[in-house]
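Each remark here refers to the structure printed beneath this line.
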Amino acid sequence: MTDLRDLLTHAASRAADHRARTAEQPVFPPSLDLEAMRMALGALPDRPTPALEVVDQLADIVEPGLVATTGPRYFGFVVGGTLDAASAADVLTTGWDQPAFNAVTSPAAALVEDVTGGWLKELLGLPGAASFGFVTGGQAANTVALAAARHQVLAAAGWDVELRGLLGGPSVRVVANGERHATIDRSLRLLGLGAGVLEPVATDNQGAIDVADLGRVLAQRPAGPTIVCLQAGNVNSGAFDDFATASAIAHEHGAWVHIDGAFGLWAAASAATRHLTAGIDGADSWATDGHKWLNVPYDSGYVFCAHRQAHANAMSFTAAYLTGHGQGGGLRSPADYVLESSRRARGFATWAALRQLGRAGVADLVDRCCALARRFAEQLSEVDGVHVENDVVLNQVLVGFGRDDETDRVVDTVQRSGECWMGATTWHGRRLMRISVSNWRTTEADVDRSVAAIVAALSKT
Ligand SMILES: *Cc1c(COP(=O)(O)O)cnc(C)c1O
């Protein structure tokens, strides 16, 4: 029998070995044999296996299929990386295994979320009185925020949606940036509103909402239960909506304003990019991720709501009058603000990330990623036949290589090179390489090396 101490140490050391390799190994596994891996994973075993053997088997079998998403040259999607203190805190979280339901199941987990939620609001420039929940990611944050919105706009129309559901109730309008993230649509499906309810608003050439069109769309029908979804950080270009103007127009129509800022909201944490988020504090709810730009391990997202009672009424499954109740010295119950009941104690890793970085470190992380994105843009726009297609205002760079099929070929060649990894997207009718810089480990040398890989792919036919 292996001692638990030895076992956890061993597991942690295998994880650290992997992490160390991610700077040099091919970013995407070069010879992936999923069938062999499936065979090795085997059939449901009849008999037990000693724990240490289990850990080694798992690591041996799956490591060849891991992607170096925590490495410095992974630029796909917006995956972030993971800070050392946050990774280690997540190991502690696993060891402690606290059910972070409320202050009775884990006073420590409830308190840490309480403290850390306050830190996040300060850092992101959100109202100090806003309620918050530590959720699994941006999808969950959007869902919770829109549930609170659904509650509030229907309550204002005299309809108790938690009790009566949507059938027979007043209709709800949802008006959103035409380039919203697809998770908004899924949240609307889950909330029973249906993705078809969405009324898209035109965007400018960077994907930011056209505020005149927002006014026009809203004016098409008389005021009633309405939710407006804005975006901080267009998923392709990184563009920001004009929050002050859009919120003012939406509020004139009595609408609830939600801002999806899965990665873009972090612009508020740096003096250099804060102007992009001007006016966010006038919204009614906000969604962002920890596991993207804050570099906290998966699963980590945050939802904030300017209307604490709407948030709790929509999510709590005790009773509205019990929110903020006296259990555990008056500590809020984390589970009243999220989708899950029994849940991982997500506050620890976020506390550790913010403690490791401090305000200055978060600002520096944001600034460095933005500077590296500009470095990509500057170097790539010097190359013949290569065009940067967006205004690089944040950490996103969209690159065209002439014809769509040539762009897809270049992206595919770069991905196969193992030097770096970036995805492709379709934006404004064209295929483009999508580069996202969101990992604390990425350096100027990593950008230069990745540009060289792109240039090499370009000349390879
Ligand atoms: C990533 C993203 C989401 C979804 O977040 P998850 O953490 O993947 O659930 C929502 N909105 C935007 C703008 C995103 O970039």
Side-chain angles (χ1 to χ4, degrees), residues 67 69 74-82 86 120 124 132-147 149 174 176-191 195 198 200-201 203 206-209 227-241 243 246 257-268 273 276-277 280 283 285-304 338-340 343-344 346 349-350 353 366 369 373 390 393-398 422-423 425 427 434-439:
V67 179
T69 50
Y74 191 88
F75 305 104
F77 312 97
V78 189
V79 301
T82 165
L120 289 167
L124 298 172
F132 53 85
F134 284 65
V135 293
T136 49
Q139 172 79 71
N142 281 331
T143 305
V144 172
L146 293 172
V174 181
N177 178 318
E179 293 190 26
R180 73 205 164 269
H181 193 269
T183 51
I184 294 283
D185 300 53
R186 181 155 68 172
S187 296
L188 294 174
R189 281 159 43 194
L190 296 173
L191 290 166
L198 242 152
V201 178
T203 54
Q206 295 300 307
I209 200 165
I227 301 167
V228 169
C229 296
L230 305 177
Q231 187 161 249
N234 176 288
V235 68
N236 284 305
S237 70
F240 288 72
D241 290 345
F243 303 112
V257 176
H258 171 63
I259 298 177
D260 175 7
F263 60 95
L265 213 57
W266 293 93
T273 45
L276 296 167
T277 62
I280 51 166
S285 59
W286 305 264
T288 194
D289 265 317
H291 55 215
K292 287 183 180 172
W293 217 349
L294 185 59
N295 284 214
V296 167
Y298 293 99
D299 299 336
S300 178
Y302 319 109
V303 58
F304 304 90
V338 299
L339 295 166
E340 312 93 348
R343 53 191 285 279
R344 184 173 179 80
R346 294 194 194 97
T350 298
V366 170
C369 289
N390 65 319
V393 295
L394 201 70
N395 63 331
Q396 301 289 114
V397 189
L398 298 174
M422 29 280 262
T425 187
W427 192 59
R434 176 170 175 266
I435 301 173
S436 172
V437 189
S438 57
N439 188 329

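Predicted model, so just to flag it, every value in this text is computed and none were measured. Note: hydrogens, waters and symmetry copies are ignored here, and every other heavy atom, side chains too, is used. In listed order, ligands and their atoms are each counted from 1.
Taking both residues in full, the closest heavy atoms of Phe263 and Asn234 are given as CZ-O, 3.5 Å, listed atom of the first, atom of the second, then distance.
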Quick check for students: name every N or O atom pair between ligand 1 and the protein closer than 3.5 Å, with distances.
unit_1   : atom_1 : unit_2 : atom_2 : d
ligand 1 : 5 (O)  : Gly138 : N      : 3.3
ligand 1 : 5 (O)  : Asp289 : OD2    : 3.2
ligand 1 : 7 (O)  : Gly138 : N      : 2.8
ligand 1 : 7 (O)  : Asp289 : OD1    : 2.9
ligand 1 : 7 (O)  : Asp289 : OD2    : 2.8
ligand 1 : 7 (O)  : His291 : NE2    : 2.7
ligand 1 : 9 (O)  : Gly138 : N      : 3.2
ligand 1 : 9 (O)  : Gln139 : N      : 2.7
ligand 1 : 11 (N) : Asp260 : OD1    : 3.1
ligand 1 : 11 (N) : Asp260 : OD2    : 2.6
ligand 1 : 15 (O) : Lys292 : NZ     : 2.8

task = Take Ser237 and Leu398, measure what side-chain contact (heavy atoms from CB on, under 4.5 Å) needs, and give me the verdict at the end.
result = CA-CA 7 Å; Ser237 70; Leu398 298 174; 4.2 Å; yes

request  = Please test Leu265 against Tyr302 for side-chain contact (heavy atoms from CB on, under 4.5 Å), starting from the C-alpha separation and ending with a verdict.
outcome  = CA-CA 11 Å; Leu265 213 57; Tyr302 319 109; over 6 Å; no

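Under the 30°/60° scheme for interplanar angles, the aromatic rings of His291 and Tyr298 are found to be tilted.
Partners of Ala176 under the side chain to side chain contact (heavy atoms under 4.5 Å, CB included) rule, at least two apart in sequence or in another chain, are Arg180, Leu198, Cys229.
In this structure, the side chains of Val67 and Tyr74 come closer than 4.5 Å at one or more pairs of heavy atoms.
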